[in-house]
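Single-structure report; data block below.
When reading the values below, keep in mind they use all heavy atoms of this one structure, side chains included, and skip hydrogens, waters and symmetry mates. Order of the sequence lines sets the chain letters (A, B, ...), proteins ahead of strands, with each chain counted from 1. Since we're looking at a predicted model, the values are computed, not measured.
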There are 2 protein chains.
Amino acid sequence: LGDIIQKTCRIDFEPIGKRVDVHPSVTLLEAAQQAGVMLNSSCGGAGRCGQCRLTVMQGKVSAPTEEEKAVLNQQALDAGERLACRVSAQDDIKVHVPAQSLLGRQRLQLNGDNGFLSIDPLVRTIPISVSPPSLEDTRSDLERLALSETTFTADPGVLTLIASLAREKGWVLDLYLRENEIIGAGPSGKAPLGVAVDLGTTKIAAALVDLTSGDELALAGAMNPQIAYGEDVISRLTYCQHHPRGAETLTTKVRQIIDQLMDDLVRQANTQREQIADLCIVGNTAMTHLLLGLPTRQLAVSPFVAATHLPMDIKARDLGLSAAPGAYVYVLPGVGGFVGADHVAMILASGLARTKGIALGVDIGTNTEIVLADPKTGTYTCASCASGPAFEGAHISDGMRASSGAIEWVSLTAEGVRLKTIDNAPAVGLCGSGMVDALAELVRCNALSTVGRLDKGSPFLRIGTSGPELLLAPGASSGSGRDVVLTQKDVSQIQLAKGAIRAGLESLLAATGTLAEDVTEVIVAGAFGSYLDIRNAFSIGLLPHLPYARYRQVGNAALVGAKRSLLSLAEREHALDIHKQSTHVELSTFPKFNRLFTLGMQFPLPKPV
Amino acid sequence: LGDIIQKTCRIDFEPIGKRVDVHPSVTLLEAAQQAGVMLNSSCGGAGRCGQCRLTVMQGKVSAPTEEEKAVLNQQALDAGERLACRVSAQDDIKVHVPAQSLLGRQRLQLNGDNGFLSIDPLVRTIPISVSPPSLEDTRSDLERLALSETTFTADPGVLTLIASLAREKGWVLDLYLRENEIIGAGPSGKAPLGVAVDLGTTKIAAALVDLTSGDELALAGAMNPQIAYGEDVISRLTYCQHHPRGAETLTTKVRQIIDQLMDDLVRQANTQREQIADLCIVGNTAMTHLLLGLPTRQLAVSPFVAATHLPMDIKARDLGLSAAPGAYVYVLPGVGGFVGADHVAMILASGLARTKGIALGVDIGTNTEIVLADPKTGTYTCASCASGPAFEGAHISDGMRASSGAIEWVSLTAEGVRLKTIDNAPAVGLCGSGMVDALAELVRCNALSTVGRLDKGSPFLRIGTSGPELLLAPGASSGSGRDVVLTQKDVSQIQLAKGAIRAGLESLLAATGTLAEDVTEVIVAGAFGSYLDIRNAFSIGLLPHLPYARYRQVGNAALVGAKRSLLSLAEREHALDIHKQSTHVELSTFPKFNRLFTLGMQFPLPKPV
């Protein structure tokens with residue numbers, strides 16, 4: 001009889017100290033999700049990316065699969081290293097999750113180039129002071145408060161708030177008005193607040209602003225919890241196709257984290273949720289579709305058609321976001337394909353609309369969006385390319401995101417390798433800007449060929465188990481106790497990413513018949529783009545080698561665009577203009593793309609000293 | 001240890017055959033609610049109305065309370081009769097629920113005077129036939145479908161429906177458009193449908209209409225399940241004040257029953273919920289507040305202030321009503337106090353706005369609403385009076401609603417009492433129109449004095465346990481096996497109700513300085529009002545004795561008004577005009593009301609033969 005009883009295994013995740021009981025059929029990746037342990041998983045649990053690596057310390061687990069043998073060498077397997085997505089427990093076990101596999105609290109890019117803005121928000125404050133009801137004046141609450149001849153409306157929730165607030169405050173209060181709808185109310189003289197959110201594939205940033213003064217009151221950030229279901233948009237959409245209620249899960253996850261960020265913002269600013277009278281959220285097409293619960297089936301397959309690229313207004317409560325009872329979320333319009341609201345927000349905030357000559361804008365991420373703005377025609381030509389998460393640390397032996405211990409700057413000197421890590425912590429791995437620096441240094445030192453081969457004769461390299469490699473930090477001084485290296489395979493991964501981005505830029509120039517030298521300004525947006533050494537980006541051929549002064553790094557312009565849309569109705573109209581004036585170039589069918597990709601993969605010859 | 005375990009008692013409700021297990025602290029009224037047995041309860045469970053009477057057949061129950069002793073005589077108590085709201089089980093018990101205590105399927109008034117209407121609904125059908133997406137044309141679904149330059153919006157749920165429907169139907173389909181919002185979609189050529197609901201305190205009526213042709217496709221009706229929580233609006237609002245989550249319960253109950261009525265409508269018309277593109281609901285102020293989840297605390301106490309009397313547009317899904325994914329519910333504006341959307345709908349539908357002279361409108365119910373329309377000034381003066389549920393059967397010994405076995409017509413002849421019952425079933429009790437007839441006959445036969453005393457010397461009366469009474473049906477032939485009688489106490493109850501209604505009418509005339517004889521038309525709306533014998537209403541002084549031709553009985557004009565608002569945008573604008581042109585007279589503070597009430601209570605002298 002004992003055999004019939006389904007056994008559960010207890011999994012202890014160390015050093016996080018989380019524990020969960022699961023059935024033996026459950027993978028450790030799924031067990032980690034249940035336990036609230038956020039593991040990297042760029043391939044969505046397919047056993048390919050090697051990001052969910054962990055070490056089994058104690059207890060019996062399933063035998064290594066073919067996928068694990070392809071990613072982990074025998075030495076690693078002998079040491080108990082496994083892929084969480086492929087292994088399951090057969091007993092109570094204890095596993096160690098290395099820092100690289102764990103999505104911790106990471107460095108988040110929150111600011112951007114703000115620029116001048118006249119404050120004219122969609123939601124306005126109407127101060128009210130009226131006589132209370134009496135037997136002689138039994139007008140309804142709404143008619144009592146709405147002073148003009150216009151017919152105002154309000155949600156039941158708003159009327160409930162008003163009924164108690166008005167009576168508590170002796171009929172002296174502020175109404176929050178959005179067009180002819182009262183969406184909230186607050187004590188007299190308290191400004192309504194707005195929340196701007198940049199919903200990235202990897203990172204989420206949120207800001208709390210005063211809708212009257214335009215002041216930023218608080219900032220908060222978090223990793224996108226959808227990462228556990230796939231690191232790029234296509235993996236996530238694929239997850240949704242293959243799992244019943246998968247889209248619902250991803251939608252719920254992202255709504256919950258935004259609601260948590262709002263908690264953080266409200267706590268920092270010592271205010272209440274009811275004061276939040278407006279929200280503005282931006283993200284790429286897949287992110288906004290998942291947030292809003294829009295259909296994604298047709299977005300997951302060619303020709304990648306969105307349900308809508310038009311702006312959306314939806315009640316915050318419909319997204320499970322607690323704010324003023326009638327508050328809306330405004331999602332900016334997108335352009336086409338995966339080029340979404342975040343890109344329009346970036347154009348809005350970066351000043352691309354105000355340049356005198358032709359300008360390029362590039363927002364490097366797991367999905368990279370590029371725009372060419374032509375002030376003569378007033379048009380924007382946009383494209384996106386799946387540059388992949390290499391610069392975020394995925395598919396790189398010791399790759400990691402920009403968090404504590406990440407090597408963010410590298411220099412090769414006669415005395416050896418010089419490094420700078422985030423927080424000056426012992427080196428754990430290499431983040432995007434460090435990768436660009438490392439490769440640029442290898443090019444400079446003639447250790448990397450035009451086609452991307454490491455020179456095994458170079459004095460800067462050593463020969464590792466899989467060929468030449470750059471030792472960045474020896475195990476003795478590293479944060480992980482293991483050597484931190486950059487291998488030939490890593491170089492090839494970075495080469496693919498930078499090739500895709502460069503090919504995207506060149507394709508857009510070709511598609512619009514623009515010569516690179518005619519571009520008067522290049523705006524580099526986003527977190528990675530802000531920490532990027534532009535000159536090193538020239539050295540590895542990631543960005544076109546134009547005069548350095550033409551480049552401008554603007555930080556998280558998407559969040560700034562969202563903030564501007566909160567503060568100014570004119571900016572929302574401007575966003576709609578950008579949407580209307582934009583065309584989307586589908587790079588996967590652009591004839592010259594493959595040739596430009598091959599060219600983009602090349603590393604330039606080192607500059608003569 | 002056995003004593004510690006909380007005991008539950010099983011209650012069997014006969015002859016309905018429902019069963020529930022409850023703790024001994026729970027009253028049988030609450031147990032019945034849990035079991036889905038709908039008991040009358042006009043006082044909201046206060047032990048006063050005697051409507052929830054039942055007989056304990058088997059098992060031990062709590063001792064009779066003082067309230068029960070006041071309502072039930074010793075003989076009844078000895079026979080096991082109890083008030084469900086006061087008694088609780090102490091063991092497994094079996095109870096018998098008499099037909100009078102049970103809210104069964106009742107006769108419902110569904111139609112009214114429709115009048116001419118040009119069909120111009122707010123929701124329109126837009127036939128669509130577009131080319132499918134391709135790599136050369138990757139416009140989003142919404143932009144593909146929205147052909148003009150205007151920016152259209154749509155809910156996520158609508159976009160999900162469209163994404164699958166468009167692909168299934170080869171991009172040939174109909175969109176349901178409401179202003180610039182796409183609220184639904186259907187296969188090409190299928191007309192969108194609308195649902196009109198008259199949400200009465202006692203009865204709910206619903207109609208399904210074709211929004212293109214205006215045809216009525218189905219009708220359905222149900223009792224308002226809130227009756228179990230109190231028979232009139234004040235008892236229900238009081239219930240909400242005294243029970244945590246009480247308002248929520250009443251809101252849920254009424255939303256569920258409307259959703260069930262929609263099931264019924266859709267089944268009758270053999271169509272789908274997705275075709276329902278618009279809804280229009282009317283009800284008195286308390287009913288619409290509870291439906292919408294508006295605050296009711298301030299409405300429950302003097303000066304009885306509504307949260308809003310303005311029209312409300314709210315998504316059907318926010319009310320838990322399944323329809324086209326983006327469909328709205330439109331609630332018509334109200335006037336003031338408890339004079340709500342149903343009264344505006346009645347004015348809309350009854351033709352009161354088109355009369356040449358001064359017109360009166362009266363909608364008799366548990367709450368009676370009255371309007372005086374003055375075509376010279378284009379104004380409406382409205383009032384409501386708590387006439388009580390006597391005409392619905394409450395507080396009357398053998399009173400009942402207009403359902404099978406109810407005496408609806410009475411005549412006193414030399415040969416004795418002549419009756420007509422609904423469905424010609426054996427008499428069970430007396431409904432409103434029967435009460436009016438009985439009293440009119442008693443007046444005619446000199447058996448009822450001006451002040452409302454039954455003449456114990458009258459040959460038509462017998463002496464019962466509590467004085468003179470009219471025997472309508474002896475137990476030998478009645479449906480209940482008991483004598484069906486009309487007692488002196490019953491006469492007094494009816495007198496109070498008719499006095500309140502007449503005083504309301506006279507107060508409105510006085511408040512507007514109108515002489516009764518100057519009223520050119522009197523419109524009597526509602527179910528009771530339609531079955532009422534107007535001449536008998538004169539005889540008992542319920543209605544002013546004007547030339548009979550000036551009276552018009554229009555049936556359920558509130559439902560017709562709701563239907564008209566579904567079919568015509570102009571009617572919604574007209575409703576808003578009526579709202580703006582209306583003033584509300586609060587009768588509880590009207591100085592002459594008390595004197596007019598005293599006069600209204602009098603029975604006129606019998607007309608000379």
Side-chain angles (χ1 to χ4, degrees), chain A residues 132-144 146 149 151-164 166-167 285 289 291-299 302-315 317-319 333-334 336-337 576 579-580 584 586 588-589, chain B residues 132-144 146 149 151-164 166-167 285 289 291-299 302-315 317-319 333-334 336-337 576 579-580 584 586 588-589:
Chain A
S134 66
L135 277 171
E136 287 67 45
D137 175 7
T138 61
R139 281 176 301 162
S140 70
D141 287 4
L142 187 55
E143 288 163 287
R144 183 175 308 280
E149 278 301 298
T151 304
F152 290 100
T153 65
D155 261 0
V158 175
L159 289 169
T160 302
L161 170 66
I162 286 176
S164 55
R167 284 165 180 84
T285 309
H289 273 52
L291 169 72
L292 296 172
L294 292 172
T296 54
R297 187 170 292 274
Q298 79 299 338
L299 188 63
S302 175
F304 311 107
V305 174
T308 182
H309 282 299
L310 291 171
M312 292 282 280
D313 286 300
I314 189 161
K315 291 269 175 184
R317 61 177 150 78
D318 283 342
L319 302 184
L576 198 55
H579 160 83
K580 286 179 185 158
H584 174 239
E586 179 55 52
S588 62
T589 54
Chain B
S134 66
L135 277 170
E136 287 68 45
D137 176 6
T138 61
R139 280 176 302 163
S140 69
D141 286 5
L142 186 55
E143 288 163 287
R144 183 175 309 280
E149 279 300 297
T151 304
F152 289 100
T153 64
D155 260 0
V158 176
L159 290 169
T160 302
L161 170 66
I162 286 175
S164 56
R167 284 166 180 83
T285 309
H289 274 52
L291 169 72
L292 297 172
L294 292 171
T296 54
R297 186 169 293 275
Q298 79 298 337
L299 187 63
S302 175
F304 311 107
V305 174
T308 183
H309 282 298
L310 291 170
M312 293 280 282
D313 286 300
I314 189 160
K315 292 269 177 182
R317 60 176 152 78
D318 284 342
L319 302 184
L576 198 56
H579 161 83
K580 287 180 185 158
H584 174 239
E586 180 56 51
S588 62
T589 54

Under a 4.5 Å heavy-atom cut-off, does chain B meet the side chain of [X], its backbone, both or neither?
{"X": "A:Asp318", "result": "side chain"}
{"X": "A:Thr589", "result": "side chain"}
{"X": "A:Ser302", "result": "side chain"}
{"X": "A:Leu576", "result": "side chain"}
{"X": "A:Ala154", "result": "backbone"}
{"X": "A:Leu135", "result": "both"}

Contacting region of B:His584 [heavy-atom separation from chain A under 4.5 Å]
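Answer is side chain: those atoms of B:His584 sit under 4.5 Å from chain A.
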
Interface moiety of B:Arg139 toward chain A, non-hydrogen atoms closer than 4.5 Å:
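The backbone, not the side chain.
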
With respect to chain B, which residue among [options] yields the maximal number of heavy-atom pairs within a distance under 4.5 Å?
{"options": "A:Ser588, A:Pro133, A:Ala306, A:Gly337", "answer": "A:Ala306"}
{"options": "A:Ser164, A:Ala307, A:Pro311, A:Gly334", "answer": "A:Ala307"}
{"options": "A:Leu292, A:Thr308, A:Val158", "answer": "A:Thr308"}
{"options": "A:Gly336, A:Gly157, A:Ser134", "answer": "A:Ser134"}
{"options": "A:Asp137, A:Thr285, A:Leu294, A:Thr138", "answer": "A:Leu294"}

If the test is side-chain contact (heavy atoms from CB on, under 4.5 Å), which one of B:Thr153, B:Asp155, B:Leu159 qualifies with A:Met312?
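Single pass found, and it is B:Leu159.
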
Out of A:Asp141, A:Thr160, A:Ile162, which residue meets the side-chain contact (heavy atoms from CB on, under 4.5 Å) rule with B:Pro295?
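So the option named by the test is A:Thr160.
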
Could you tell me whether a side-chain N or O of B:Ser140 sits under 3.5 Å from a main-chain N or O of A:His309, the two making a donor and an acceptor?
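Yes.
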
Just give me the residue among B:Glu586, B:His289, B:Lys315, B:Arg167 that pairs up with chain A most often, heavy atom to heavy atom, under 4.5 Å.
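Heavy-atom pair counts peak at B:Arg167.
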
